[in-house]
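Below is one structure; the comments refer to it alone.
So you know, we letter chains A, B, ... as the sequences are listed, proteins then strands, and number each from 1. Keep in mind that what you see is a predicted model, and the values were worked out from it rather than measured.
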Amino acid sequence: MPFGRPCGLRLRSKLERCIERILLIATAIAAVAIISILLLLAYFCLPLFTSGELGEVFSRRWQPFAGSYGILPMCAGSFAISLLALFLAFPGAVAICFFVHSLAPAPAAGLLKTLVHFMTGIPTVIYGFVSVFLLVPLMRDWLSAGTGFTLLTAAITLSLLILPTIVLVFQARLERIDPTLTLASAALGFTPIEQVRHVLIPASAQGLLVAAILGFGRAIGDTLISLMLAGNAAQFPVSLFVSIRTLTAHIALVLATDSQSMAYRSVFAAGLVLFLLMGMINLLIQRIGRADNEKTYEKDR
Amino acid sequence: MKKIADRCLVGFAWLSAGMVTLAAVMLVGFLLRRGLASIDGSLFFGETHWLDAVSGRAPVFEGIWPALMGTLYLVLVSSFVSIPVGIASGVYLAEYASKRVRASLGCAVDLLAGTPSIVMGLFGFALILLLRRTLFPQAGTSLALAALCIALLVLPYVIRTTQTALQAIPVHLRILGPVCGLSGLQAIVHILLPVASRGILSGVILAMGRAAEDTAVILLTGVVAQAGMPRGLWERFEALPFRIYYLAAEHQTRRQLDQGFATSLVLLLLTSTLFLTAFMLQRRFEKRWKKW
């Protein structure tokens, strides 16, 4: 980048260097924050490692009054709900991207784009609130699924929450595809849907993967939907109609009701698991992104 | 055969678009039907006269005024931290940082952006535990703590939008500074920042929207159901999203439930205005440089 650094006068005044330093310090705040989050969580988990209670926390039963503090059901719950939400949202989200990109008439595409942006602005708690009074009664009455607070209820709502994320990420990737590619395929007589199948999907395959992973991460990290809708029973997700508890909801629940110190420690373990999971997801996305950037379908920027 | 598959795909695309539109319309329609009638003076101020409530002469018991003020304070205090720090970081990453520094600090920003909000809340909670054990035995969760955690949560949005807005400036404007004999800093202050201001503003508004809507962070760092008006930085407070969450589970009367719907509408209006403004600004900013 020829103009990456300010290349004005050679002689930079003292003031300029001072300001550059201040800016650097501001930037370091993000790094310091992320390191201190990790350290603090690890510090509060430390007793688990030293006293050998680690096995107890990573066990299969959560019965605080009987002395079992396992968070494995919550890990399974988090994965089940996120995978299910992704499974529900992903095909629709991708279809919407192609719809907006090449299939829809222009006004419909514009409208849908605005709608998706509007959906990103809807607070999570409102999705939860509306679902409690709209979807939960439906689940209870139509599917006679117990109280209606089930894995499926939460996953459906969650899929609505992560759909805009997936759409926006994948949309951005589609827009980076070289327009001459679509132009050439149109000149060859491809219909829009044939373009999607034979040109756009192959050219953006890794973008699909990134969008799916980001959507999954958003689902794992969400607290309110599962807290309000999944029923919060600490058990394994054996069917779509059982009530489950996620890691995020577990943290909120245990800290809301003051309990014993072991329960506290399980919360920090849950936090650490979540943090490390998100770190891994981040790493994965960077890997894929780098591979993606080496492909030649993109227009020069 | 292929034709049929293609038709099915097109059909599926239309179906998905229709379903999502339907879901969004149902969500908003349901809220409007149940909540619109309850939006009036008593929703905000309960039985208290509005003038007394706004001037703080009388406490509000039933209304959402304290929660609205709590959210407003939270957004303002967190913006006070996240905006200057975020813009400064964005400028540094776009204009000063070497490639290696940009990659490593950018990675930290990505990690921060990926941190779930409940983990950020847990961080605030752990911070208080640590302070209690060491320096301040009387430390407790408060507005200041919640605002700090929220600020960290939204910081990546401000950083990234500032950085992208600056990096999107075309070369001919970049060389304008040196050509006019401006130093690096002068060029940033007088040319680059004004040119990128609309993009930066969209990031700032986006961050404010995120700060207003987040529930998980404040859940662990100091929000309570009955706190009255926010009294100070070191006190606990009420907030709109928490009130909605609370009413979903704890409503006792029909009136309280209606209030929950109306509160949702108020919050939705607040955040969707912020998000759509940010979206419009962003789009106009992008269009501006498309010609080149």
Side-chain angles (χ1 to χ4, degrees), chain A residues 3 5-9 12 16 19-20 22-24 26-27 29-31 33-34 37 40-41 44 92 95-96 98-99 103-104 112 115 117-126 128-130 132 134 160 163 193-194 217 221 223-224 228 248 251-252 255 267-268 271 274-275 278-279 281-282, chain B residues 6 9-10 12-13 16-17 19-21 23-24 27 30-31 85 88-89 91-93 95-96 105 108-112 114-116 118-119 122-123 125-126 152 155 171 174-175 177-178 182-185 187-188 209 213 215-216 219-220 241 244-245 248 260 264 267-268 271-272 275-276 279:
Chain A
F3 303 105
R5 293 171 78 80
C7 50
L9 298 178
R12 283 202 275 156
E16 302 232 334
I19 285 188
E20 186 179 338
I22 291 174
L23 293 180
L24 176 62
T27 316
I29 287 178
I34 204 73
I37 291 172
L40 206 56
L41 288 181
F44 279 99
I96 286 174
F98 288 126
F99 183 76
L103 301 176
L112 205 59
L115 181 81
H117 275 275
F118 167 72
M119 282 174 76
T120 59
I122 301 178
T124 324
V125 68
I126 291 185
F129 189 83
V130 170
V132 166
L134 196 65
L160 213 54
L163 186 127
I193 186 70
E194 281 167 350
T223 312
L224 263 288
M228 291 172 91
T248 48
I251 297 175
L255 292 189
V267 159
F268 289 109
L274 276 172
F275 185 88
M278 295 315 271
I281 286 178
N282 236 310
Chain B
D6 281 352
L9 281 180
V10 175
F12 181 67
S16 312
M19 291 263 284
V20 168
T21 314
L27 193 141
F30 188 66
L31 274 184
V85 174
S89 313
V91 170
Y92 186 84
L93 286 178
E95 301 298 326
Y96 288 97
L105 283 178
V109 175
D110 282 343
L111 275 174
L112 201 62
T115 307
I118 192 88
V119 172
L122 189 62
F123 169 66
F125 186 83
L152 286 182
L155 189 61
V171 171
R174 282 193 169 271
I175 50 179
L182 299 182
S183 69
L185 181 69
I188 289 174
E213 68 135 24
T215 324
L219 205 62
L220 304 188
I244 296 168
Y245 166 68
S264 302
L267 182 64
L268 182 61
T271 54
S272 57
F275 276 89
L276 283 181
F279 172 53

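Contact of B:A187 with chain A is not made at all, since no heavy-atom distance falls under 4.5 Å. Proximity to chain A involves both the backbone and the side chain of B:F123, based on heavy atoms less than 4.5 angstrom apart. Using a 4.5 Å cut-off between heavy atoms, B:L276 touches chain A through its side chain atoms alone. Proximity to chain B is limited to the side chain of A:F44, based on heavy atoms less than 4.5 angstrom apart. Heavy atoms of B:L268 lying under 4.5 Å from chain A belong to its backbone as well as its side chain. For A:I37, the parts sitting under 4.5 Å from any heavy atom of chain B are the backbone and the side chain alike. If you measure heavy-atom distances from B:L105 to chain A, the contacts under 4.5 Å come from the side chain alone. Interface residue A:I29: only side-chain heavy atoms are found under 4.5 Å from chain B. The part of B:L31 that comes within reach of chain A is its side chain, from C-beta onward, which places non-hydrogen atoms under 4.5 angstrom from that chain.
The heavy-atom pair separating A:L40 from B:A126 by the smallest distance is CD2-CB, 3.6 Å. When every heavy atom of A:L23 is checked against every heavy atom of B:A88, the shortest pair comes out as CD2-CB, 3.5 Å. Scanning both residues, A:F129 and B:A248, for their nearest heavy atoms gives CD1-CB, 3.6 Å. Residues A:A26 and B:V85 come closest through the heavy atom pair O-CG1, 3.6 Å. For A:L112 against B:A17, the heavy-atom pair with the smallest separation is CD2-CB, 3.7 Å.
Options A:I281, A:L41, A:I193 differ in how many heavy-atom pairs under 4.5 Å they form with chain B, and the most are formed by A:I193. For the set B:S89, B:A13, B:P116, the count of heavy-atom pairs under 4.5 angstrom toward chain A peaks at B:S89. Looking only at heavy-atom pairs under 4.5 Å with chain B, the residue among A:P123, A:A95, A:G221 that has the most is A:P123. Considering only heavy-atom pairs separated by less than 4.5 Å from chain B, the leading option among A:I22, A:I19, A:T120 is A:T120. When each of B:L155, B:L27, B:L219 is scored by its heavy-atom pairs under 4.5 Å with chain A, the top score falls to B:L27. With respect to chain B, the highest number of heavy-atom pairs below 4.5 Å among A:A104, A:A30, A:G217 belongs to A:A30. The greatest number of non-hydrogen atom pairs below 4.5 Å with chain B, out of A:L103, A:V132, A:I251, A:L163, is found for A:I251.
Taking 4.5 Å as the limit, every side-chain heavy atom of A:E20 sits out of range of all side-chain heavy atoms of B:L185. Put simply, the side chain of B:T115 does not reach to within 4.5 Å of the side chain of A:M278, judged on heavy atoms.
Under the 3.5 Å distance criterion, the side-chain polar atoms of B:T271 are matched with a main-chain donor or acceptor of A:G121. Of the possible polar contacts, none joining the A:N282 side chain to the B:G114 backbone as a donor-acceptor pair under 3.5 Å is found.
Taken from CG in A:L134 to CZ in B:F30, the straight-line distance is 4.5 Å, to the nearest 0.5 Å. Separating the CZ atom in A:F268 from the CZ atom in B:F125 is a distance of 6.0 Å, to the nearest 0.5 Å. Between the OG1 atom in B:T215 and the CE atom in A:M228 there is a gap of 8.0 Å [rounded to 0.5 Å]. To the nearest 0.5 Å, atom CG of residue B:L111 and atom CZ of residue A:F275 are 6.0 Å apart. The CD1 atom of A:I126 sits 8.5 Å away from atom OG of B:S272, with the distance rounded to the nearest 0.5 Å. For the atom pair OH of B:Y245 and OG1 of A:T223, the computed distance is 10.0 Å after rounding to the nearest 0.5 Å.
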Open item on the list: Assess the residue pair A:L274 and B:L122 against the criterion (side chain to side chain contact (heavy atoms under 4.5 Å, CB included)); give the C-alpha distance rounded to whole Å, side-chain angles, the decisive distance to 0.1 Å, and a yes or no.
Closed with: CA-CA 11 Å; A:L274 276 172; B:L122 189 62; over 6 Å; no
Open item on the list: Run B:E213 and A:V125 through side chain to side chain contact (heavy atoms under 4.5 Å, CB included) and show every step you take.
Closed with: CA-CA 8 Å; B:E213 68 135 24; A:V125 68; over 6 Å; no
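Taking the six-membered ring where tryptophan is involved, the planes of A:H117 and B:F279 are essentially parallel, since the angle between them stays under 30° and well short of 60°.
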